[in-house]
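What's counted below: heavy atoms across the whole structure, side chains too, no hydrogens, waters or symmetry copies. One-based numbering, in listed order, for ligands and for the atoms of each.
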Amino acid sequence: MSKAPLAISDIKPLIDDYLRRHHPDICRHWFHEITVSSVVGGCVSLRVPERVHRQYLQRSCMAAFTEAAQAATGKLVAVKFVGDADEMPTRSPSQLGVTQAPSELDEQLTLSPDYTFDSFVVGPGNRLVHAAAIAVGSNPGRAYNPLFIHGGVGLGKTHVLQSICRVILRQRPQSRIGYVSCQSFSEIFMACVKAGRMQDFRHRFRNLDMLVVDDIHFLSKREQSQEEFFHTFNSLYQAGKQIVLSSDASPNDIPDLEERLVSRFNCGLVARMDRPCYETRVAILKSKAALVGAQIPEEICSYIAARIDTNIRELEGCLTKVRCFALANDRTIDLDLAKEALADDSLGLSSSAQPSIQTIAEAVTRYYDIRLSDLLSKRRHKSISVPRQMCMWLARKHTRYSLEEIGGYFGGRDHTTVLHAVRSIGQRKDLDPDIANAVNRIECVFARPSSR
Ligand code: ADP
Ligand code: MG
């Protein structure tokens, strides 16, 4: 009856197998790099060389790995993710060059393990951004500074920003990288102001080797933060440190952004991301499937890519729906199943296709070839006022915002203005072929019917 004790080398394949069967969602292709380093005192130590991977495991996979390790060993073991033994010296503050505790440094840098250049598909819409990002990654502070990336939602800005951080961290693990969303920059700033700890704030942001701020357009709403960001920017820039920013609009088109910031953002490389073409969308779906080790037939990638042409997040959402549907119904993934999974309205596209006000504004500015700042401005010229009315009418029709809220978004206008716009476009679209055509063309960007 006595079983031979389990050798350490046997444990990992058992864990892998368990995870694949019970927790396919968390599995990543790099899990094969994880090894069991020891089993001591009821604790299985798993060696994970890369910090970003370790963070992901600690954040999202602890329970699943514990379960898997217990199933593999048949014992009530705990699980620990450890780095390379030779990584320990980097934890000394003197080597970090700042008095910051390493744990604090770790915390600031929460990167997704999925966002790397390897998993980024390059196509005509993002070729420039990709090339610039690669250049910055291999030559920070010197290639393009600042690098300013702008484009619509879900087109891959955050993915590129994090990929840059990743390559730099790989090549120079000691780099002090500040990666923050614009909101957290403002929040940290406000908290420091309130606590009277501006020294800490400046110490934290002005001693970096690279500052990466995601969604910088939110800065326009916060005057004090703009001021502080300006000084942070200058101090890093003058010291030759790399700055990378992302935004939903080009520097000139961010409303209410101080002129001195606009000119600073324009002084490096401003690169725009466009929507991916069909071939790129298919390639992205394949890359996403490969990332989670899912077998998705080519025809399904083509089917999804043909239906969704707006935003990559929605493409991914469809892929996830198909996989969940197959798993829940214990069926293999084929085209019929994909159609079924995506036809269901409660899960389906119509809900995800509900546009945000930003998506509407973006579609309208693109159609009329005007700038977002014009739309939000006080200008009353017909070339601007018609698109603005169109936005209001579309926002009323496709979102749940009130007249006041819509007016607020489009340049702080009164609800009667919105009402007038809604009525005017509502009537004209039945009489004026230009308006009718504009409505059709703009709506098909975001209000695609759930099956066609
Ligand atoms: P944004 O920040 O522009 O709103 P994200 O970077 O969050 O967009 O991207 C949305 C999703 O689309 C992410 O899961 C990202 O990995 C994926 N994605 C975007 N562009 C690409 C690409 N070119 N190749 C692979 N995945 C992509
Ligand atoms: Mg983003």
Does ligand 1 have any atom sitting under 4.0 Å from a heavy atom of Ser246?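 No, Ser246 has no heavy atoms under 4.0 Å from ligand 1.
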Going by distance only, is there an N or O of Phe120 that falls short of 3.5 Å from an N or O of ligand 1? no
Taking only non-hydrogen atoms of Ser119 and a 4.0 Å limit, the atoms of ligand 1 in range are 24 (N), 25 (C)
Can you tell whether the side chains of [X] and [Y] come within less than 4.0 Å, N to carboxylate O?
X	Y	value
Arg206	Glu228	yes
Arg331	Glu340	yes
Asp16	Arg20	no

Per atom 7 (O) of ligand 1, closest listed option by heavy atom (Lys288, Arg313, His159):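 Going through Lys288, Arg313, His159 one by one, Arg313 has the nearest heavy atom to atom 7 (O) of ligand 1.
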Considering Leu315, Ile284, Ile312 one by one, which has a heavy atom nearer to atom 12 (O) of ligand 1 than any of the others? Ile312
Region of [X] engaging ligand 1 - heavy atom pairs below 4.0 Å:
X	answer
Asn126	side chain
Met273	neither
Ser287	neither

Compute the ring centroids of His23 and Phe65, then answer whether they are less than 6.0 Å apart.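 No; Phe65 has its ring centre 6.0 Å or more from that of His23.
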Would you please indicate if the ring centroids of Phe205 and Phe185 are separated by under 6.0 Å? yes
N, O or S from Ser246 under 2.8 Å to the Mg ion (ligand 2): no
Could you list the donor-acceptor pairs under 3.5 angstrom formed by side chains in residues 131-148, with sequence neighbours left out?
from	atom 1	to	atom 2	distance (Å)
Ser138	OG	Ile134	O	3.1
Ser138	OG	Ala135	O	3.4
Asn145	OD1	Gln242	NE2	3.3
Asn145	OD1	Ile243	N	2.8
Asn145	ND2	Lys241	O	2.8

